[in-house]
Protein chains: 2
Amino acid sequence: MAKLQKSIDKRNALVKATIELVNNNGFHATPMSKIAKMANVSPATIYLYFENKQDLVNQTYINVKAAYTKYAFETYKATMPVEAGFELIWNRIADFKLNECENAMFLAQCDNTPIIDEASRQEGIKHLQPLLDLWARGKKEGIVKPMSDYLLYAYAINPLSFLMMSQKRGAFTLDKTHLEEAYQSAWNSIKVCK
Amino acid sequence: MAKLQKSIDKRNALVKATIELVNNNGFHATPMSKIAKMANVSPATIYLYFENKQDLVNQTYINVKAAYTKYAFETYKATMPVEAGFELIWNRIADFKLNECENAMFLAQCDNTPIIDEASRQEGIKHLQPLLDLWARGKKEGIVKPMSDYLLYAYAINPLSFLMMSQKRGAFTLDKTHLEEAYQSAWNSIKVCK
DNA sequence: TAAAAAAGAATGAACGTTCATTTTTGATAT
DNA sequence: ATATCAAAAATGAACGTTCATTCTTTTTTA
């Protein structure tokens, strides 16, 4: 165990350093030498864990995306009623974006730039399926608007990314009241109006 | 005129090349030499128009942001009723994001990465004032929810960025019906529910 | 014809990656 | 327990390339 454990620790340290440096300086100003230094490792060691810089950032992206969706669906059961299920997932995603904002910022940066390979992007998108299934159910039951999933995501989930970025920039802070308002806006924009 | 005109053309070509290359390759893979080549100019010439690479990208950002807000408010009058005014501005912004998507993509990339100086970011944000004024009026009249402008922007405007990026990636295409649904979602999420 | 604009070649620094060596690890023999 | 040792892991220095920027010269402008 000792050996494998050590390897995993080192890999994790490299991934963490990548996230932190890319968040603060951008991909263009994040040399391998700095990543190595922050992870307390020699530059050459990175290449024992990753093929090259592109592979490092691709794998970091997939790691973080997996953590994001794991967190989002951790307490969700597919048997829940649609509205309750959505509220649960929405709150988990809000928690993730606002508490683990290092991770969330990294995703926002990757999702709006060409720094990630298309293949890794596809890989990352897969894990969102439970939410799409929930929406399909909601549409069938006449609770959720019969819209494209892209529209639903754009209005129900994506605004949280914008709010997270604004908060991170210090422009404003999301308190509990804001969050309740945000949820109402999210639900309002996708529910069928009776 | 000839001389000044030529200078403006060259500056515009440099800005345009910057946008195109940063959109397609990312800032990290956009060397000055490529920008120069695409603008049909010597690398040294860039430094007659811009201090350095950072200045070039900052000024490009400010240029595009100004074009965005100019377009958004072109036909808007502050005397319009709140709902009509919002619908007008929303549609102009949707037009911009979906038709001038090179520009919109560049903004999305800049707004989610640290490639732009904080000062230039602040400069770019200023021009949004008319929309904030409209919302202030809407709140006073009890038409718009009394929420933070960040929340309003997150739900009413920002989803268009996500939809633009999705469309650009070829994931789906926004037709006229989608756009009407999107507008309804936007308005639903910020209007006061009677 | 002098000043301004532009060019291409040159420069030095920084980068991603690899190489030659050293250190660590863990199984085996004592 | 301890010593041995081959394989694996890790390292710092080195390599070749690429980059942003500058320098010197040429071309354009008015």
Side-chain angles (χ1 to χ4, degrees), chain A residues 1-61 106 109-110 113-117 120, chain B residues 1-61 106 109-110 113-117 120:
Chain A
M1 178 197 126
K3 199 195 85 183
L4 183 62
Q5 186 55 41
K6 193 168 187 189
S7 289
I8 287 178
D9 285 349
K10 222 160 254 185
R11 208 198 104 110
N12 287 345
L14 285 166
V15 165
K16 189 162 184 292
T18 302
I19 294 167
E20 200 168 325
L21 288 167
V22 169
N23 277 350
N24 291 329
N25 310 331
F27 187 62
H28 70 289
T30 299
M32 296 296 260
S33 56
K34 273 195 194 170
I35 296 173
K37 196 163 286 176
M38 179 169 277
N40 284 316
V41 137
S42 156
T45 304
I46 301 181
Y47 293 85
L48 299 174
Y49 293 84
F50 303 95
E51 257 181 59
N52 49 39
K53 195 181 180 185
Q54 184 65 57
D55 183 47
L56 167 59
V57 71
N58 282 342
Q59 291 206 40
T60 300
Y61 174 77
F106 183 77
Q109 187 160 175
C110 291
T113 61
I115 66 182
I116 300 294
D117 277 356
S120 305
Chain B
M1 178 198 126
K3 199 194 84 186
L4 184 62
Q5 186 55 40
K6 191 167 189 187
S7 289
I8 287 177
D9 284 351
K10 222 159 253 183
R11 209 197 104 109
N12 286 343
L14 285 167
V15 165
K16 188 162 186 291
T18 302
I19 294 167
E20 200 167 325
L21 287 167
V22 170
N23 277 349
N24 291 329
N25 310 331
F27 187 61
H28 70 288
T30 300
M32 295 296 259
S33 56
K34 271 195 197 172
I35 296 174
K37 196 164 286 176
M38 180 170 278
N40 284 315
V41 138
S42 157
T45 302
I46 300 182
Y47 293 85
L48 299 175
Y49 293 85
F50 303 95
E51 256 181 59
N52 49 39
K53 195 182 180 183
Q54 185 65 57
D55 182 45
L56 166 60
V57 71
N58 282 342
Q59 291 206 39
T60 300
Y61 175 77
F106 184 77
Q109 187 161 176
C110 292
T113 63
I115 65 180
I116 299 294
D117 277 356
S120 304

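Every chain is numbered from 1 and lettered A, B, ... according to where its sequence line falls, protein lines coming before strand lines.
- An OP1 or OP2 oxygen of dT11(D) is reached within less than 4.0 angstrom by a side-chain nitrogen or oxygen of T45(A).
- For K34(B), the side chain to side chain contact (heavy atoms under 4.5 Å, CB included) partners are L21(B), N25(B), P31(B), not counting sequence neighbours.
- Two residues are said to be in side-chain contact when any heavy atoms from C-beta on lie closer than 4.5 Å; T18(A) and Y61(A) fail this criterion.
- The interatomic distance linking I46(B) (CD1) with dA6(C) (P) rounds to 12 Å, in whole Å.
- Applying the side-chain hydrogen bond (donor to acceptor under 3.5 Å, both in side chains) test to D55(B) and every residue at least two apart in sequence or in another chain returns Q59(B).
- Look at NZ on K37(B): it is 10 Å from P on dC19(D), rounded to the nearest Å.
- Spacing between atom CZ of R11(B) and atom C1' of dA6(C) amounts to 18 Å, rounded to whole angstrom units.
- Considering only residues two or more places apart in sequence or on other chains, A13(A) meets the side chain to side chain contact (heavy atoms under 4.5 Å, CB included) condition with A39(A).
- Rounded to whole Å, atom P of dT21(D) lies 10 Å from atom CG of L56(B).
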Identify the pairs formed between an N or O of the protein and an N or O of nucleotides 14-18 of chain C at a distance under 3.5 Å, and give each distance.
{"residue": "dG16(C)", "atom": "OP1", "partner": "K53(A)", "partner atom": "NZ", "Å": "2.7"}
{"residue": "dG16(C)", "atom": "OP2", "partner": "M32(A)", "partner atom": "N", "Å": "2.7"}
{"residue": "dT17(C)", "atom": "OP2", "partner": "Y47(A)", "partner atom": "OH", "Å": "2.6"}
{"residue": "dT17(C)", "atom": "OP2", "partner": "K53(A)", "partner atom": "N", "Å": "2.9"}
{"residue": "dT17(C)", "atom": "O5'", "partner": "Y47(A)", "partner atom": "OH", "Å": "3.2"}

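- Comparing the end axes of the helix from dT1(C)-dA30(D) to dT30(C)-dA1(D), each fitted to five base pairs by superposing C1' atoms of four pairs onto the next four, gives an inter-axis angle of 20° (nearest 10 degrees).
- Considering only residues two or more places apart in sequence or on other chains, Q54(B) meets the side-chain hydrogen bond (donor to acceptor under 3.5 Å, both in side chains) condition with N58(B).
- A heavy-atom distance below 4.5 Å is not found between the side chains of V22(A) and T60(A).
- One can place CG of L48(A) at 14 Å from C1' of dG12(D), the figure rounded to the nearest angstrom.
- Every residue two or more places apart in sequence or in another chain that forms a side chain to side chain contact (heavy atoms under 4.5 Å, CB included) with K53(B) is listed here: F27(B), M32(B).
- Evaluation of the side-chain hydrogen bond (donor to acceptor under 3.5 Å, both in side chains) rule for N52(A) yields no partner, not counting sequence neighbours.
- Nucleotide dT24(C) holds its C1' atom 16 Å from the CG atom of D9(A), rounded to whole Å.
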